[in-house]
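Note that the numbering runs from 1 along the sequence shown for the chain. Values below: every heavy atom of this structure, side chains too, minus hydrogens, waters and symmetry copies. This structure is a prediction, so every number in the text was calculated from the model and none was measured.
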Amino acid sequence: MMKPALITHEISARHDVPAGHPERPERYAAILDHIGDDYQSWQRAAAPLAERSQLELVHSESYLDMVFDVTGDADEPAPLDADTWASKRGYECASRAVGGACRAVDMVMENKASTAFSLMRPPGHHAEPDKAMGFCLFSSAAIAARHAQQKWGLNRIAVIDFDVHHGNGTQACFWNDGSLFYASSHQMPLFPGTGAYDEIGAYQNIFNLPLAYGAGGSSIRSGWRDDLLPSVVAAKPDLIIISAGFDAHEADPLGGLQMTSDDFGILTNDIIDAANQAAEHSGAVRVVSLLEGGYDLNALGQSVCQHMSALEGI
């Protein structure tokens, strides 16, 4: 039987940000501490550097040149915007986050893994084709989707995003492409201010579920079961990429939703069930996952473990 794959790289512990910044190296260490010696059934793989051609699947040449110019000789973090910092190591870390996302797709498509979870930081779902924002340099999930189309000839791909913040970058990348689907639950109003119900994409390929401050795990999961996941199943994707942000947790300092660690495991199982339903229409539907947000270290570690335990069932 194929084993699931956990994709990591030590650079994730070395991408420094200014003191007090929530997207800090301790996030990576906290997850590894919680995983510990458990999950022995998971094989380990190293995240490679992304190729420039992969980054260009989503980002413009001028944007990539700008990021490289800012970070190429910067040993200390340099600001790309008020929240997003990069350095020489930061550029490598963000590049390996994209490389890890693409490797997750490759391992599943090559039947080398039953599923794959890329445990790389920084997150990516706020990065737009020409703009870094919200801690994100490169739009990893969107790049992985286009990589799957270009390299593996997949036709229809869905990104499922349960981060507390709306993935404006993924949405922007998918808006005008009817072969790509984006489904997101997120607190609203909250950064970045996008993700209203009526943001549906040029081909009705965007599905948003804005949530009020204080929404609990049961109501969030019901929203996915009753609204978002049926829309994903109806899209008949060949691949599902999970943008796995864990900052909708009740303990997270950056949001106001009330999910528990157990809720993330239940929601992941619901996503797997949806993938199996979609498979009835379009054959085998593969599932990979990419780390996004989550800023309370204990809640993050616990939630990731629940997520991984559910993914083991694929």
Stepwise side chain to side chain contact (heavy atoms under 4.5 Å, CB included) check, Val304 with His34: CA-CA 8 Å; Val304 165; His34 276 82; over 6 Å; no

Single-linkage hydrophobic cluster Leu55~Val70, side-chain heavy atoms < 4.5 angstrom: yes

His166 versus Ser184, side-chain donor and acceptor atoms under 3.5 Å: no

His147 versus Asp106, side-chain donor and acceptor atoms under 3.5 Å: yes

Sequence-distant partners of Asp247, side chain to side chain donor-acceptor pair (under 3.5 Å), two or more places apart: His165

Expected output: side-chain Glu292 to main-chain His125 donor-acceptor under 3.5 Å: yes

Parallel, tilted or perpendicular: ring planes of His59 versus Tyr63, cut at 30 and 60 degrees: tilted

Leu180: hydrophobic cluster co-members (side-chain, 4.5 Å): Val105, Val108, Met109, Trp152, Leu154, Ile157, Val159, Phe174, Trp175, Tyr182, Ile206, Leu239, Ile241, Val288, Leu290

Apart from Tyr295 itself, residues in the same hydrophobic cluster as defined by side-chain heavy atoms under 4.5 Å: Phe135, Leu254

Nearest non-hydrogen partners of Arg103 and Ile7, listed with the distance: C-CD1, 4.0 Å

Nearest heavy atoms of Ala215 and Leu211, plus distance in Å: CB-CB, 4.3 Å

Side chain to side chain donor-acceptor pair (under 3.5 Å) against Ser179, all qualifying residues, sequence neighbours excluded: Gln149, Asp177

Sequence neighbours excluded, every pair satisfying ring-ring contact (aromatic ring centres under 6.0 Å, His included) that has a member inside residues 205-255: Phe162-Phe246, Phe246-Phe264, Phe246-His307

Apart from Met188 itself, residues in the same hydrophobic cluster as defined by side-chain heavy atoms under 4.5 Å: none

